[in-house]
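Every heavy atom of this structure was used, including side-chain atoms; hydrogens, water molecules and symmetry mates were not.
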Amino acid sequence: MAIFLQLLFTGIGIGAVYSLVALGFVLIYRATNVVNFAQGEFAMLGAYLMVVTTADLGLPYWAAIPISLAGMGLIGALFNLGVYYPLRHRSFLPVVISTIGASILLQNSVLVGYGPAPESLAGMFDFPGFQIGEVFLDSQYLLIIGVTILLVAFQYFFFEHTILGKKMQATSQDKEMASLLGIPVARMIMLTFVYSAILGGLAGILVAPILFVSVGLGSQVALKAFAASIIGGFGDVTGAIVGGLSLGIIETFGAAYISVPYKDAFAFLVLFGFLLIRPQGIFGEKVAQKA
């Protein structure tokens, strides 16, 4: 039982990171009807910004985190202006290709600056964690879970109980009608990109002490997050959270009881099963079209 609880705790911690990145996928998709394949690179950039601020500049953690997140907000705004906005009136495919190109550009830019060698990042807390019975609760995993819970609560409050959140929701549901109602659609989309970049950057900051900070970090997390968003129901916020947590748990238990080298394959086996049996995902709805 202790091993089960230990694996469950670890799986929830990893799954929470997938959920944060999946939320970024969902928010941008709902606002622009475009899949941002550079969302994983936001996580990678967030981790590298922490390396720059803490290791290179020597700033304390409490100062480095808001500076890094502010930098991610700026990157999100520039991404919107440089990648999405010029192609906003084009079809789906050119915008998706531009996000893939931006992903490659961001990866290679970091590769030029830091090289292929992975960097390490210390955790926020000095103590490793604490023991409850036979289960060890790692401090970094606790931080990840706690931050994810707070963000989910904040997101619910923001989108359901604030005027700005309702404007962003209206924009994501129908941009043309939102524009007719006087909502500044371009500004709402800009804010969505900024928020998604901050979410991705925060996910990278949280997972960096567990994984090495490398150029491949973004791709590693983004693939799982993208699978999680499809399993949960692409475009559904609750689905992104549930899908991310589910994948983290499945991956952890699969690695422990079946095979460690094939742990990355379990997520895609689950995704393949959903695409065969329930392609709309857990919370998705079937869409019927009449000719």
Participant: With sequence neighbours excluded, what pairs up with Glu251 under the side chain to side chain donor-acceptor pair (under 3.5 Å) test?
Facilitator: Tyr18, Lys224
Participant: If the condition is side chain to side chain donor-acceptor pair (under 3.5 Å), which residues does Tyr141 pass it with, not counting sequence neighbours?
Facilitator: none
Participant: Just how far is it from atom CG of Leu78 to atom CE of Met190, taken to the nearest 0.5 Å?
Facilitator: 8.0 Å
Participant: Using side-chain heavy atoms (C-beta onward) and a distance below 4.5 Å, is Leu223 in contact with Phe268?
Facilitator: yes
Participant: Checking Ser219 now: which residues fulfil side chain to side chain donor-acceptor pair (under 3.5 Å) with it, not counting sequence neighbours?
Facilitator: Gln107
Participant: Taking the six-membered ring of Tyr85 as reference, does the cationic atom of Arg88 (NZ for Lys, CZ for Arg) lie under 6.0 Å from its centre and within 45° of its axis?
Facilitator: yes
Participant: Heavy-atom distance under 4.5 Å between the side chains of Tyr257 and Leu7, does that happen here?
Facilitator: yes
Participant: Under a 3.5 Å threshold, yes or no: a donor from one side chain and an acceptor from the other, between Tyr195 and Gln155?
Facilitator: yes
Participant: With rounding to the nearest 0.5 angstrom, report the CZ to CG distance, Phe266 to Leu271.
Facilitator: 15.0 Å
Participant: Please give me the minimum heavy-atom distance between Gly46 and Ile205, naming the atom from each residue.
Facilitator: O-CG1, 3.5 Å
Participant: With side chains defined as the heavy atoms from C-beta onward, is the minimum distance between Val51 and Tyr114 less than 4.5 Å?
Facilitator: yes
Participant: On the 0 to 90° scale, with breaks at 30° and 60°, tag the Phe234-Phe226 ring pair as parallel, tilted or perpendicular.
Facilitator: perpendicular
Participant: Are the ring centres of Phe42 and Phe79 closer than 6.0 Å?
Facilitator: yes
